[in-house]
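All of these numbers come straight from a predicted model, not from anything done at the bench.
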Amino acid sequence: MSDTTFEVLVQRGDRWIIHSTFDVEKEAVSEAEKVLKTKVSAVRVVRNWERGDGRHIEKVLLEKEGAGDSEEEDVRVSSIDEAPLCETDNDLLQKESRATINRLLRKYFEQEILTPCEVMYNYQNLRKLMFHDTLMPTAVDKVAGLHAKATDGDHIEAMNNLHGAIEQLSARAREVEKVDLPAFEDATISEVRDEIRRLNLAEDTDFLTMVALTRVLSSTRNWVGKLDLALKVKGDEKDEAARKMLDDVIADILGSPVALKDLLGSSRSFGEAVTLHIDLALGRAKGNRGAADDILELLNPLFGSGLLTTSQETMFDYIVRELRSANSLTRHEGDPDPLVGILDRLITEQGVIYGTPMVEAIAERGARLRNVGGPRALIEGVEEINGRLIPNYRKLTWLIAVANSGIVEDFGDELLVMMLDAVKDMRALRAFCDPESKPRDKMATVKHMNDMLSTSNLPDDQKSQIGEKLDDGLAEYLVREKVIERIDNPSLHLRKRAYMLVQFCSSGVLIEGKSAAMARKRVVGYLKQPNFTDKLVDDISDMTAKEGTIRDFYALLQRSGF
């Protein structure tokens with residue numbers, strides 16, 4: 001690459017702002033002429049080159065006045081309420097920092113169609129950001145204020161730490177700017193990374209690979225194109241380092257609301273958009289009209305198989321912020337409530353997806369529906385969401401997740417009342433389980449909920465109270481549905497009946513209590529029969545086979561806890 005670059009600058013007030021950078025003078029001049037036709041005060045083309053002694057020299061090659069101030073949207077920093085501590089360049093490159101920077105400078109990134117990765121690993125993009133009005137100093141000041149508040153530290157010291165980290169990163173990016181790195185033409189990340197490793201350069205191989213990747217990404221001026229490029233170079237999914245780089249790039253792209261809209265198509269309401277975002281994070285997105293379906297076909301299996309963990313976290317963090325926002329889920333009064341579908345996706349038998357942050361966001365959405373605030377807002381929100389969940393095992397799933405999150409610790413008594421109400425009607429498990437479920441699935445659901453309860457953060461006395469209701473309900477179901485009688489079919493040979501009963505006892509659908517005791521009692525009754533062992537194999541004539549069958553049965557008994 002040449003040591004000379006040509007920058008196109010536009011005048012904003014008393015400052016000159018970098019508009020774009022080129023390696024060829026003719027291209028820079030052509031771009032300047034195009035910019036001049038828009039409403040700008042003035043435009044310049046500056047030649048920038050590095051001398052042999054390392055000094056940078058600038059020379060103005062062209063300067064022309066325009067018709068007036070630019071109509072370009074005023075780009076400002078966005079509001080954020082938290083930021084990870086960053087004291088080194090490596091801190092800035094971490095996923096939490098990049099996600100924060102993506103939110104903080106969202107307007108800038110969307111205007112330039114760039115991601116944090118493309119700025120941090122590309123010196124030209126980083127330099128352009130650093131000289132974009134007062135954007136960088138303002139952003140640093142805002143983040144430093146959050147750091148100082150979080151650590152009870154000094155604001156100026158926090159600013160100096162951030163500026164130091166940015167200078168370290170800038171120096172690294174500038175040092176490798178002119179290094180001729182392998183291209184991504186018909187090559188994967190793994191292949192390019194291997195080529196760079198063989199160059200034996202002083203800089204870290206993974207850093208240089210990201211530099212090479214962001215060079216080609218920066219030349220793509222639309223979000224879907226960037227995703228397409230990233231997925232084309234993904235290569236071997238077993239290469240952990242290469243997979244992480246791809247994950248970081250995709251996470252940065254999906255951090256842009258505009259990118260998500262371009263990928264998934266336009267939505268009729270905010271609630272529909274949230275639903276689409278959840279489906280994308282779960283790897284089952286079906287875009288609306290105008291969606292990039294070919295890209296979704298590639299992304300869905302990657303999300304679904306858990307290969308894009310950083311991108312998935314980015315999506316769920318974005319969904320949390322959407323649910324916590326003041327935006328109405330529906331556009332018109334009387335429209336179908338999208339919250340039902342949202343809760344179906346986020347509250348599963350395994351708990352609430354994305355844990356405490358999502359629990360709190362859902363509770364806040366519930367409080368917003370009730371239009372309540374103050375100290376009771378979250379418990380009111382929990383109750384609102386609870387009332388929208390059926391069947392009752394989903395209520396209990398939600399309430400256990402709330403208890404584990406600790407967001408309503410001061411309202412434990414009210415939470416317990418809701419939990420007891422969820423297990424109040426256990427008759428035939430009709431209200432508690434999905435009525436369409438098979439008997440075995442219903443029993444498994446009750447057992448699973450009892451397991452979740454036993455590992456929850458609830459006090460032991462509350463666990464016992466609720467657990468007893470679950471066990472009573474399961475035991476009553478065994479009697480009502482004659483589950484044990486159906487297994488212990490008199491028309492079958494004793495051995496078959498005994499095997500099936502023992503296997504049922506260890507099948508994982510019974511609670512250690514009344515329900516398990518009922519099944520075990522039937523097995524023990526068989527074992528106490530006179531000459532039980534003889535009856536077990538009375539239809540087998542071969543002595544060796546008899547001995548083997550008896551040995552296998554008692555081994556099964558041992559494995560089953562008898």
Side-chain angles (χ1 to χ4, degrees), residues 84 89-102 114-122 172 176 181-199 201 203-220 223-256 259-260 263-264 277-285 292 294-319 353-354:
D89 53 331
N90 282 326
D91 291 339
L92 290 171
L93 296 172
Q94 301 309 306
K95 62 181 180 181
E96 296 85 2
S97 300
R98 296 197 326 275
T100 301
I101 293 167
N102 216 352
L114 291 172
T115 63
C117 274
E118 290 172 86
V119 170
M120 293 180 174
Y121 291 97
N122 187 304
R172 288 179 73 182
V176 300
L181 296 172
F184 274 87
E185 296 177 3
D186 299 322
T188 67
I189 296 179
S190 299
E191 291 166 344
V192 169
R193 187 163 164 265
D194 289 341
E195 284 188 55
I196 291 174
R197 186 186 292 109
R198 287 192 288 269
L199 295 176
L201 298 172
E203 182 55 82
D204 176 70
T205 297
D206 288 349
F207 186 91
L208 289 170
T209 305
M210 286 298 293
V211 170
L213 180 57
T214 54
R215 283 177 184 175
V216 66
L217 280 171
S218 297
S219 66
T220 304
W223 299 111
V224 172
K226 291 179 191 290
L227 282 171
D228 185 40
L229 175 65
L231 292 168
K232 281 180 179 176
V233 303
K234 69 183 181 67
D236 185 3
E237 292 169 355
K238 294 180 181 178
D239 184 337
E240 185 65 20
R243 185 201 58 76
K244 185 180 182 304
M245 290 178 201
L246 170 70
D247 197 5
D248 284 346
V249 167
I250 292 177
D252 279 10
I253 295 171
L254 297 182
S256 163
L260 286 173
L263 174 64
L264 296 165
H277 298 159
I278 296 170
D279 284 345
L280 177 60
L282 296 175
R284 61 190 194 199
D294 54 334
I295 303 299
L296 286 177
E297 287 182 8
L298 297 173
L299 278 176
N300 276 333
L302 294 174
F303 273 117
S305 59
L307 288 171
L308 297 178
T309 53
T310 300
S311 300
Q312 199 166 44
E313 286 181 17
T314 296
M315 286 304 306
F316 282 127
D317 182 68
Y318 187 69
I319 292 159
I353 292 175
Y354 203 54

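In this structure, Trp223 CH2 and Thr115 OG1 are separated by 6.5 Å, a value rounded to the nearest 0.5 Å. For the atom pair OG1 of Thr309 and CD of Gln312, the computed distance is 8.0 Å after rounding to the nearest 0.5 Å. Annotation: the span from Thr310 atom OG1 to Leu246 atom CG amounts to 10.5 Å, rounded to 0.5 Å. Distance check: Met315 CE to Leu282 CG gives 9.5 Å after rounding to the nearest 0.5 Å. Annotation: the span from Leu229 atom CG to Lys234 atom NZ amounts to 13.5 Å, rounded to 0.5 Å. One finds the CD atom of Glu203 at 10.0 Å from the CG atom of Asp206 (value rounded to the nearest 0.5 Å).
Across every non-hydrogen atom of Pro116 and Asp252, the tightest pair is CB-OD2, 3.6 Å. Closest non-hydrogen pair, Leu199 versus Pro182, comes out as CD1-CD, 4.3 Å. Between Phe184 and Val233 the shortest heavy-atom distance is CD2-CG1, 3.7 Å. Across every non-hydrogen atom of Ile319 and Ala281, the tightest pair is CD1-CB, 4.5 Å. Shown here for Ala259 and Ile253, the closest heavy-atom pair between the two residues is CB-O, 3.2 Å. Here the closest non-hydrogen pair linking Cys117 and Asp248 is SG-O, 4.3 Å.
No donor-acceptor pair under 3.5 Å is formed between the side chain of Arg284 and the backbone N or O of Asp279. Remark: the backbone N or O of Leu307 is paired with a side-chain donor or acceptor of Arg243 at under 3.5 angstrom.
When the salt bridge (Lys or Arg N to Asp or Glu O under 4.0 Å) test is applied to Glu297, no partner is found at least two apart in sequence or on another chain. In this structure Glu185 satisfies the side chain to side chain donor-acceptor pair (under 3.5 Å) test with no other residue, sequence neighbours excluded. Considering only residues two or more places apart in sequence or on other chains, Ser218 meets the side chain to side chain contact (heavy atoms under 4.5 Å, CB included) condition with Leu114, Glu118, Asn122, Asn125.
Two residues are said to be in side-chain contact when any heavy atoms from C-beta on lie closer than 4.5 Å; Pro84 and Asp91 fail this criterion. Side-chain contact between Leu302 and Leu231 is present, with heavy atoms from C-beta onward closer than 4.5 Å. Side-chain contact between Val176 and Tyr121 is absent, with no heavy atoms from C-beta onward closer than 4.5 Å. A heavy-atom distance below 4.5 Å is found between the side chains of Leu280 and Leu296. Within the 4.5 Å cutoff, side-chain heavy atoms of Ile101 are placed close to those of Met120. With a 4.5 Å cut-off on side-chain heavy atoms, Ser219 and Val216 count as touching. Put simply, the side chain of Ile250 does not reach to within 4.5 Å of the side chain of Thr314, judged on heavy atoms. Looking at heavy atoms from C-beta onward, Lys95 lies out of side-chain contact with Asp247 at the 4.5 angstrom threshold.
Each of Asn90, Val211, Leu208 was scored for a side chain to side chain contact (heavy atoms under 4.5 Å, CB included) with Arg172, with one residue passing: Asn90.
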Given Leu213 and Val192, is the side-chain contact (heavy atoms from CB on, under 4.5 Å) satisfied, shown in steps? CA-CA 9 Å; Leu213 180 57; Val192 169; over 6 Å; no
Passes side-chain contact (heavy atoms from CB on, under 4.5 Å), Phe207 versus Leu93? Steps please. CA-CA 10 Å; Phe207 186 91; Leu93 296 172; 4.2 Å; yes
